[in-house]
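These numbers were taken from a predicted model, which means no experiment stands behind them. What's counted below: heavy atoms across the whole structure, side chains too, no hydrogens, waters or symmetry copies.
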Amino acid sequence: MDQNPIAERIRAERCRGGYTQEELAGRLGVTKAAVSKWECGQSAPDIALLPKLASLFAITLDELLGYEPLASVEKREEVQANMQSLLESDATRALDYANEQAALYWSDSELLRMVAVLLYAKAVELGNGAPELVPGLTEAVERLLERSLQLDPDGPSADMDLQTICMLMAASGREERAAELIEKKVAAKPDMAAVTFAGIKLRAGDAEEAARVLKRQMLFSLLEAASCAQALAGFPDLGAEDMEQLLAFAEGVQKPQGFAVLSPTLIPLIRCEIAAQLAQSGQADAALGQLEAFELDLEKCRALLAHPVNPPFFESVQEYLWENGDEAINTARGEMADGLCEAFAKRLETDERWNVLCENPRFKTLVERFADKGETL
């Protein structure tokens, strides 16, 4: 009979430990014939004997059974390539393949997260085109990310994974559970750990590392502040005065050289909302003035997305900024910039708050200009 992995492993480990078949049988309370059959692949040890065998050979159960909990670099690359190919042609087959690979490598947080990210991107893409596939994809994403988070709760992607899980839960009507999970991560007070850590590094004579720690924390704080401002800009009950203050905050944060690239969509988003509110309240001239300023902001935003230039102040924490992309990355950035312009152009056509300006010549001119830009994308 053909050898199988566990048969070969028992024989190899028995020889490595210097046991005869009879000695091994005596240690396990079985017959020599039983051990012989195991090594020939004619039968397998009783499941209750497996922990004893592993302990006797000083190996893990995974090693005894030939199970590899972590994929090799080559295997991860193979899975990624297969996933990308399948997602382009058949999302259902891609989902089946993803589940198969997840079952094989259920202890590999890196592989599980990679698969989840690819599925999530496809679910977003199919949101309007094939909604019947989205539930299966999003359920798989949630399951894989939950497992990845369980395996590596303090990993570099843990916070992002948790946020994605919570957004998926909220989108499927489980708001209370999502809030319960994410509330634990919401800061209740300023965190000065980075300042203390930097002080310790400075006392130890490592000024370079101390500065890097503080710059990294500043960068994170800026990105968090921009995200909060962008979320506030979409609140329906935020008044014009608050929106003006929010715009002033955004302009102040982004004023230093290169800082606008940290959150390039922030000012256009706020400016567009201010213009819409002014239009709705009957302040046509003010609304049009803001809308014209918005057009300029959007052009700057598009340029920043297509060709980002990082703030030189944060050179020491470059790994958290825009990377110098290859051709594919640069193309993706350009597409993202074009998509943003197109989305805002459609917003002028669909948001009912602009209805009061429909007959205004200045508004018509602006709409035409946006339409022309949309056609060139």
Side-chain angles (χ1 to χ4, degrees), residues 4-6 60-175 177-182 184-185 319 323 325-329 331-333 335-336 339:
N4 57 52
I6 191 169
T60 66
L61 276 172
D62 283 347
E63 290 170 331
L64 178 64
L65 298 172
Y67 171 63
E68 298 180 5
L70 301 181
S72 64
V73 173
E74 293 75 17
K75 181 61 180 179
R76 288 179 187 147
E77 291 175 351
E78 175 191 324
V79 171
Q80 182 176 20
N82 289 341
M83 281 289 299
Q84 289 171 334
S85 176
L86 287 170
L87 284 168
E88 289 178 3
S89 58
D90 188 335
T92 302
R93 285 181 58 206
L95 181 56
D96 290 341
Y97 177 75
N99 287 329
E100 290 171 6
Q101 296 305 311
L104 289 173
Y105 297 102
W106 194 238
S107 297
D108 192 330
S109 62
E110 187 174 334
L111 183 139
L112 294 177
R113 186 175 189 279
M114 179 265 290
V115 171
V117 168
L118 291 171
L119 290 177
Y120 183 71
K122 192 63 177 182
V124 172
E125 178 188 330
L126 294 176
N128 296 322
E132 70 278 2
L133 291 176
V134 174
L137 291 177
T138 54
E139 287 164 11
V141 171
E142 185 178 328
R143 181 171 61 89
L144 294 175
L145 287 182
E146 282 183 340
R147 176 60 176 169
S148 176
L149 199 58
Q150 181 185 41
L151 292 168
D152 193 12
D154 299 316
S157 302
D159 286 348
M160 184 61 69
D161 291 349
L162 179 60
Q163 291 176 45
T164 303
I165 291 169
C166 290
M167 287 189 292
L168 291 174
M169 285 183 170
S172 61
R174 292 171 289 159
E175 292 89 349
R177 176 57 179 156
E180 181 184 334
L181 286 176
I182 201 67
K184 301 170 186 176
K185 305 293 289 187
E319 66 268 27
E323 297 180 0
D326 55 21
E327 185 176 350
I329 291 176
T331 299
R333 286 175 182 161
E335 291 174 351
M336 180 168 59

How many angstroms lie between atom [atom1] of [X] and atom [atom2] of [Y], to the nearest 0.5 angstrom?
{"X": "Glu142", "Y": "Cys166", "atom1": "CD", "atom2": "SG", "answer": "9.0 Å"}
{"X": "Tyr120", "Y": "Leu137", "atom1": "OH", "atom2": "CG", "answer": "12.0 Å"}
{"X": "Leu111", "Y": "Gln101", "atom1": "CG", "atom2": "CD", "answer": "7.0 Å"}
{"X": "Met83", "Y": "Arg76", "atom1": "CE", "atom2": "CZ", "answer": "15.5 Å"}
{"X": "Arg93", "Y": "Asn82", "atom1": "CZ", "atom2": "CG", "answer": "10.0 Å"}
{"X": "Lys184", "Y": "Leu162", "atom1": "NZ", "atom2": "CG", "answer": "9.0 Å"}

message: Would you say that Met169 contacts Leu181 through its side chain, given a criterion of any heavy-atom pair below 4.5 Å between the two side chains?
response: yes
- prompt: side-chain contact (heavy atoms from CB on, under 4.5 Å) between Trp106 and Leu144: does it pass, once the steps are laid out?
  reply: CA-CA 9 Å; Trp106 194 238; Leu144 294 175; 3.8 Å; yes
task: Determine whether more than 12 heavy atoms belonging to other residues, nucleotides or ligands lie under 6.0 Å from atom CE of Met160.
output: no
task: Please check if atom CD in Glu110 has more than 12 non-hydrogen atoms from other residues, nucleotides or ligands closer than 6.0 Å.
output: no
- prompt: Considering all heavy atoms of both residues, which atom of Ala178 and which atom of Ala170 are nearest to each other, and what is their separation?
  reply: CB-N, 4.1 Å
query: Which pair of heavy atoms, one from Val141 and one from Ala116, lies closest together, and at what distance?
result: CG2-O, 3.6 Å
Indicate yes or no for a side-chain donor-acceptor contact from [X] to the backbone of [Y] under 3.5 Å, with no hydrogens or angles considered.
{"X": "Asp90", "Y": "Leu86", "value": "no"}
{"X": "Ser172", "Y": "Leu168", "value": "yes"}
{"X": "Asp161", "Y": "Leu149", "value": "no"}

message: Do the side chains of Arg113 and Asp152 get close enough for a salt bridge, i.e. N-O under 4.0 angstrom?
response: no
query: With the threshold set at 4.0 Å, does a side-chain nitrogen-carboxylate oxygen contact exist between Lys75 and Glu78?
result: yes
